[in-house]
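First up is the structure itself, then whatever we jot down about it.
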Amino acid sequence: MARTVLVTGGSRGIGRAVAARFRQAGDRVVITGRDAAKLTGTASEIDAEAVVCDAADPRQVRELAEAVGELDVLVNMAGGNTDIGREKPEGLDAVAAAWRDNLDANLLGAVLTTTAVLGSLNPGGTVINVGSIAAEYAGSAYGAAKAALAAWTAGLSAEIGPRGLTVNLISPGYIEDTDFFRGRMTEQRRDALVAATHTRRAGNPDDIAATVEFLASPGARHITGQTIHVNGGAHTTR
Ligand SMILES: NC(=O)c1ccc[n+]([C@@H]2O[C@H](COP(=O)([O-])OP(=O)(O)OC[C@H]3O[C@@H](n4cnc5c(N)ncnc54)[C@H](OP(=O)(O)O)[C@@H]3O)[C@@H](O)[C@H]2O)c1
């Protein structure tokens, strides 16, 4: 039976691959992003519905929840490291602004979107948050925000589990073919990231889309409150 799937940050990169995969399976798919032109372009290419929405803006998120209605799968993909391309902050005001941007982008957006749609999730529904390998070495605001997202995911699982709902967090390693690095990835850095994997390759959006597909499948109904690492072995849990 066709499900309704909401993918925040579905206009580019990993989110686009996730949205396309659900759409190919025949699901109703709604994607969001802030850049309206990019979002509507992607929506028409993959045959999804588009709702322009900044995940960190409560009013826009409320309107998004109304537009989507009942749903089965929420994928909180919207995010990214807002420090990339930013001058190193000097002074407390600049540090506060930089940290707030990363917390808004990677923690608050997922919290607001989940809170807004929680009452509309059908029984058997699932929430999939997207963290980062950076959370394991959280020296940056980005890593700290993703670590907080993972902690919140575990707590939320206990809250919604009795309703027959699950929530997990996928933690990707380096994924290429995205706009994440905004053209700033060097060959040297890429080589180092690939060398850190056991598989000796970069991840790609389909690696994450396949994991999302599994977590949203009937076979994953007893998996909840977990961080699922998808990184070619660059970080292991033992
Ligand atoms: N690529 C990697 O190596 C990697 C590794 C670990 C984790 N991740 C995580 O994977 C997720 C997807 O990143 P990506 O690599 O696919 O990057 P990307 O290509 O830059 O895509 C990011 C997507 O998120 C949207 N977005 C960002 N902030 C948003 C906001 N406030 N409200 C709504 N949409 C927002 C963007 O659209 P607009 O800009 O138009 O809003 C875009 O659709 C992120 O959470 C990222 O932290 C990526």
Side-chain angles (χ1 to χ4, degrees), residues 6-20 30-43 45-46 48 50-61 63-64 74-85 100-114 116 128-138 140-150 153 169-185 189-190 192-194 196-197 201-209 211-212 227-232 234-235:
L6 170 59
V7 184
T8 71
S11 60
R12 294 188 270 121
I14 306 170
R16 179 193 165 113
V18 168
V30 181
I31 60 173
T32 73
R34 295 161 300 176
D35 179 335
K38 183 71 202 160
L39 181 72
T40 51
T42 297
E45 281 162 25
I46 67 171
V51 178
V52 175
C53 177
D54 181 341
D57 181 322
R59 181 188 57 77
Q60 292 183 41
V61 172
E63 288 171 7
L64 168 68
L74 166 63
V75 182
N76 282 309
M77 185 65 71
N81 187 344
T82 54
D83 284 343
I84 294 177
R100 286 201 178 104
D101 279 357
N102 253 318
L103 290 166
D104 277 2
N106 295 293
L107 178 62
L108 189 68
V111 170
L112 291 181
T113 308
T114 305
I128 297 162
N129 292 327
V130 177
S132 170
I133 194 171
E136 308 307 321
Y137 315 95
S140 63
Y142 173 68
K146 292 295 198 186
L149 182 63
T153 300
L169 177 133
I170 296 175
S171 179
Y174 169 51
I175 306 294
E176 61 186 3
D177 299 330
T178 74
D179 291 333
F180 183 90
F181 295 94
R182 303 191 202 155
R184 286 162 191 265
M185 174 58 73
R189 176 85 178 121
R190 183 189 181 280
L193 290 170
V194 169
T197 66
R201 72 167 175 87
N204 57 59
D206 275 337
D207 289 320
I208 306 302
T211 310
V212 171
T227 293
I228 313 291
H229 295 275
V230 183
N231 57 40
H235 168 77

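As the structure lists them, so they are numbered: ligands from 1, and atoms in each ligand from 1. What you are looking at is a predicted structure, and each value in this text was computed from that prediction instead of being measured. Note: hydrogens, waters and symmetry copies are ignored here, and every other heavy atom, side chains too, is used.
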Next on the checklist: Which of the numbered atoms in ligand 1 are under 4.0 angstrom from any heavy atom belonging to D54?
Outcome noted: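 Near D54, the atoms of ligand 1 are 30 (C), 31 (N), 32 (N).
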
Item to check | Sub-4.0 Å atoms of ligand 1 with respect to non-hydrogen atoms of F181 | outcome: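 Within the 4.0 Å cut-off of F181, ligand 1 contributes 3 (O).
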
Which protein heavy atom lies closest to [atom], and at what distance to 0.1 Å?
| atom | result |
| --- | --- |
| atom 36 (C) of ligand 1 | R12 NH2, 3.3 Å |
| atom 7 (C) of ligand 1 | G131 O, 3.2 Å |
| atom 35 (C) of ligand 1 | A78 CB, 3.5 Å |

Checklist entry - Is it the side chain, the backbone, both or neither of K146 that has a heavy atom closer than 4.0 Å to ligand 1? => result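 The answer is the side chain of K146.
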
Checklist entry - Given that the side chain starts at C-beta and the backbone is N, CA, C, O, which of these parts of C53 lies under 4.0 Å from ligand 1, counting heavy atoms, or is it both or neither? => result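 Near ligand 1, C53 shows its backbone, while the atoms from C-beta on stay back.
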
Next on the checklist: With a 4.0 Å cut-off on heavy atoms, is V130 in contact with ligand 1?
Outcome noted: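 A heavy atom of V130 does come that close to ligand 1.
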
Given [options], which one has a non-hydrogen atom that is nearest to [atom]?
| atom | options | value |
| --- | --- | --- |
| atom 40 (O) of ligand 1 | I84, T82, D35, T178 | D35 |
| atom 3 (O) of ligand 1 | L193, I208, I175 | I175 |
| atom 23 (C) of ligand 1 | G80, S11, A202, G9 | G9 |

Item to check | Under the salt bridge (Lys or Arg N to Asp or Glu O under 4.0 Å) test, residues paired with R201 that sit two or more places apart | outcome: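 Only D207 meet the salt bridge (Lys or Arg N to Asp or Glu O under 4.0 Å) criterion with R201.
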
Next on the checklist: Using only atom types and a distance under 3.5 Å, with no angle test, would you say the side chain of N106 pairs donor to acceptor with the backbone of G80?
Outcome noted: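 Confirmed, N106 side chain pairs with G80 backbone.
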
Checklist entry - So, does T42 use its side chain to make a donor-acceptor pair with the main chain of S11 at under 3.5 Å? => result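 Checking the backbone N and O of S11 against the side chain of T42, a donor-acceptor pair under 3.5 Å is found.
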
Next on the checklist: Below 3.5 Å, N or O to N or O, backbone or side chain included: is there any such pair between A55 and ligand 1?
Outcome noted: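 Yes: some nitrogen or oxygen of A55 is under 3.5 Å from one in ligand 1.
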
Checklist entry - Is there at least one pair of N or O atoms, one from M77 and one from ligand 1, spaced under 3.5 Å apart? => result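 In this structure, M77 places an N or O atom under 3.5 Å from an N or O of ligand 1.
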
Checklist entry - Excluding sequence neighbours, so at least two apart, what forms side-chain contact (heavy atoms from CB on, under 4.5 Å) with F181? => result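 In terms of side-chain contact (heavy atoms from CB on, under 4.5 Å), with neighbours along the sequence ignored, F181 is linked to I84, Y174, M185.
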
